[in-house]
2 protein chains.
Amino acid sequence: MARTNGKQSAVERKPVSIRDVADASGVSLTTVSLILNNGDQRISEPTRARVLTAIERLGYRPNRLAQGLQNRRSNILAILVPHLRHTFADPYFGELISGIYDRANRSGYKILLEAAGRSFLREKRYLDLFDRCFVDGMLFMGSTDEHRFLHRFRDRKRPFILVNNTWPGLDHVVADYRAAGRLAAEHLVGLGHRRIGMIHGAGDVETARLLIAGFAETLAQHGVELPASCMEDGFYTEEGGAAAAEKLITANPSLTAIFTGNDKMAAGAIQRLQALGRRVPSDVSVVGCDDITQAAFVTPSLTTIRTPLYELGRRSCQRLIERLRGKDEPCQEVLPVELTVRQSTAPAAS
Amino acid sequence: MARTNGKQSAVERKPVSIRDVADASGVSLTTVSLILNNGDQRISEPTRARVLTAIERLGYRPNRLAQGLQNRRSNILAILVPHLRHTFADPYFGELISGIYDRANRSGYKILLEAAGRSFLREKRYLDLFDRCFVDGMLFMGSTDEHRFLHRFRDRKRPFILVNNTWPGLDHVVADYRAAGRLAAEHLVGLGHRRIGMIHGAGDVETARLLIAGFAETLAQHGVELPASCMEDGFYTEEGGAAAAEKLITANPSLTAIFTGNDKMAAGAIQRLQALGRRVPSDVSVVGCDDITQAAFVTPSLTTIRTPLYELGRRSCQRLIERLRGKDEPCQEVLPVELTVRQSTAPAAS
DNA sequence: GTGAAAGCGCTAACAA
DNA sequence: TTGTTAGCGCTTTCAC
């Protein structure tokens with residue numbers, strides 16, 4: 001791999017080293033290090049004070065490359081996202097990232113961003129991140145069944161957490177999507193809806209399957225069918241949701257309610273339904289999933305199942321940090337979801 | 001500063017070093033390094049092949065902490081965002097980040113995420129990021145006049161780029177906000193609006209002032225006033241936009257159009273206007289700014305000024321990388337904006 | 001209590 | 001064409 005062979009860099013900075021501090025305070029380099037790392041032991045108060053003063057005065061900061069080289073830790077965690085178009089602009093990922101960031105920051109960990117593109121996976125660069133000492137641990141969000149590389153983390157040799165999805169043998173923190181499906185179904189059935197459609201996310205995502213299962217099961221318990229003709233894939237995007245809504249309503253004109261696998265698809269669906277002359281919610285009710293910030297600001301505001309994205313991020317990171325601290329128990333944590341009722345659902349028309 | 005004193009880490013991994021490769025292929029460690037770094041020079045073909053094979057077989061990856069320690073580079077760039085609530089979930093920042101990420105990735109740079117919280121600024125940790133060799137360069141977005149620490153980067157000793165804002169003496173890449181204001185004004189005036197309000201972002205943001213200036217100037221050129229009573233701060237949030245819209249329309253019931261400093265405020269404004277019984281756009285037209293993805297999926301879909309966020313991110317990162325490669329010219333780049341007409345604007349009613 | 005010295009994994013003069 | 005060697009800045013035994 002070619003290196004950028006440019007000049008060293010246009011800048012020159014004072015590299016104050018531990019050596020300088022030692023000289024300035026008339027002690028050995030060991031003493032300085034001891035004071036920095038070993039806390040209260042040994043070193044006499046006067047010496048300690050002198051060194052601390054020198055550190056302050058010189059503005060010394062330990063070089064973390066040198067530190068890391070020594071103790072084999074980078075103090076950086078990687079967040080891996082799938083390679084989609086402008087992935088980081090998606091509020092779903094953004095909420096998770098915010099939660100992870102805040103938790104990591106609290107414990108002094110830095111966050112490295114990485115998108116799992118084709119070459120990244122092909123060249124197994126996710127291993128590099130660990131083996132080249134870039135990061136101490138990794139969190140992956142947005143996984144699908146296609147992400148076969150996840151196998152490699154089952155040996156638990158590299159600290160790894162799957163965020164808001166599951167995979168056999170991997171540690172994860174996930175929202176209760178089965179319950180999400182159930183809550184949506186109960187809400188709609190409770191409003192008297194009987195002819196209901198669903199716009200789901202990709203079929204190769206475990207949580208999407210759980211959501212569908214929970215939704216269909218609960219409808220069935222109430223004697224409501226969810227035939228294949230009432231199911232459409234919305235690909236988790238606004239455009240996909242819009243197209244799916246159009247297909248659904250065209251194929252099943254009598255539909256009075258639609259449940260979507262995320263809020264983006266719901267926003268797209270609402271817009272398309274209105275464009276097709278259906279009023280929401282008086283003609284058709286729509287229930288979303290996730291409760292991203294924007295859900296409250298579409299018109300009508302979206303009734304949705306709240307998955308605690310920020311908290312999922314926090315907890316995932318918490319678990320990873322525990323792991324890094326030596327706790328070696330498998331982790332399968334499920335966080336509860338709840339119904340948030342707004343303006344996009346109403347009693348069935350007929 | 002206390003270190004996490006936990007166990008080394010629950011895991012143990014094969015650390016294949018350059019030493020191992022050298023031994024395995026019967027050459028010196030230097031030879032291996034030369035092959036890795038110096039490209040095609042010197043080394044004979046047979047030797048090179050032998051070494052490359054060994055590298056492959058052992059799965060050797062150079063430890064970047066060691067590399068970095070040597071050549072004082074981390075190959076990591078920091079993205080600094082202001083510390084707001086769930087900052088990373090904001091599509092505005094997300095688009096910029098996506099652009100930066102993609103450009104950085106193309107040149108082999110990693111991205112480190114950092115939020116500029118109180119302690120981060122107070123303790124000057126932005127300097128640590130450089131001086132402790134965490135990163136080679138930094139991009140900052142979401143800056144305000146309050147971010148005084150920006151002064152410290154004027155000496156150009158540390159590669160730094162301001163993203164989508166300006167600051168005296170700092171390199172930046174920014175959208176043409178004055179033109180954005182002008183385009184919005186021309187659009188509304190062109191539709192016959194004369195009683196126009198504005199919901200602006202914070203007054204301590206230079207781009208917000210430029211936007212206001214461009215908007216007011218152009219209205220004035222067309223003989224339209226923009227009195228103080230028609231200006232409200234929306235704090236760049238949906239809730240703020242909603243509250244501002246209510247104030248505006250209450251104080252000036254005859255308003256027929258509102259321009260907002262970003263799309264989030266526009267979404268909030270639209271929702272509140274509708275809640276107050278005003279139809280958008282037939283009673284009141286609304287123009288947003290930025291054109292985030294969600295702008296197309298509020299109801300009615302939002303007419304807005306497109307600032308090329310993703311491209312701003314890309315260019316900013318491009319500039320930073322050029323800087324890292326030794327180019328030392330100041331950079332003040334302005335990217336054009338354009339009007340995107342959708343459903344939220346219509347000819348003036350009266 | 002404090003310091004000398006070895007070594008983390010790598011790069012790059014300088015020799016050979 | 002290849003190898004020897006001296007660090008990069010830090011941590012950590014082990015002596016004193």
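Proteins get letters first, then strands, A, B, ... in listed order; numbering begins at 1 in each.
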Could you check how far CD of E45(A) sits from P of dG1(C), rounded to whole Å? 12 Å

Choosing from dT11(D), dG3(C), dG9(D), which nucleotide comes nearest the side chain of L69(B)? dG9(D)

Given atom CG of N75(A) and atom P of dC10(D), what is their separation to the nearest angstrom? 15 Å

Are N37(B) and dT11(C) close enough that a side-chain N or O sits under 4.0 Å from OP1 or OP2? yes

Is it the case that K110(A) places NZ or CZ above or below the six-membered ring of F134(B), under 6.0 angstrom from the centre and within 45 degrees of the axis? yes

Separation of L34(A) atom CG from dC10(D) atom P, in whole Å? 15 Å

In this structure, how many angstroms lie between the C1' atom of dC8(C) and the CD1 atom of I18(B), rounded? 14 Å

S44(B) side chain: which of dG9(D), dT2(D), dC10(C) is closest? dT2(D)

Return the 5'-most residue of the pair L29(A), S28(B) with respect to DNA chain D, ranking by each residue's nearest nucleotide. S28(B)

Between S17(B) and dG9(C), does any side-chain N or O lie under 4.0 Å from OP1 or OP2? no

What is the separation between atom CG on L36(A) and atom P on dT12(D), rounded to the nearest whole Å? 11 Å

Whole angstrom is fine here: how far is it from CZ in R73(A) over to P in dC8(C)? 17 Å

For S44(B) and T47(B), test the side chains for any donor-to-acceptor distance below 3.5 angstrom and give the result as yes or no. yes

Do R325(B) and E322(B) sit within salt-bridge range, that is, some charged N less than 4.0 Å from a carboxylate O? no

Gap between atoms CZ and P, on R132(A) and dT11(C) respectively (whole Å): 9 Å

Could you state the atom-to-atom distance from OH of Y60(B) to P of dT11(C) in whole Å? 6 Å

If only side-chain N and O atoms of Q70(A) are considered, is one of them under 4.0 Å from the OP1 or OP2 phosphate oxygen of dG7(C)? no

Give a yes-or-no answer on whether the side chains of R73(A) and Q67(A) include a donor-acceptor pair shorter than 3.5 Å. no

At less than 4.0 Å, is any side-chain N or O atom of R64(B) found next to OP1 or OP2 of dG9(C)? Yes or no. no

For residues D136(A) and Y109(A), is any side-chain donor paired with an opposing acceptor at under 3.5 Å? no

With a cut-off of less than 4.0 Å, is there a side-chain N or O of T31(B) near OP1 or OP2 of dG3(D)? yes

Given dC10(C), dT11(D), dG9(D), identify the nucleotide with an atom nearest to the side chain of N63(B). dC10(C)

Could you tell me whether the side chain of T30(A) has a donor or acceptor atom within less than 3.5 Å of a complementary atom in the base of dA4(C)? yes

May I ask you to verify if any side-chain N or O of T47(B) is less than 4.0 angstrom from the OP1 or OP2 atom of dT2(D)? yes

Nearest listed nucleotide, side chain of A66(B), among dG9(C), dG3(C), dT11(D): dG9(C)

Does dT11(D) have OP1 or OP2 under 4.0 Å away from a side-chain N or O of Q67(A)? yes

Return yes if a side-chain donor-acceptor contact under 3.5 Å exists between R152(A) and Y126(A), otherwise no. yes

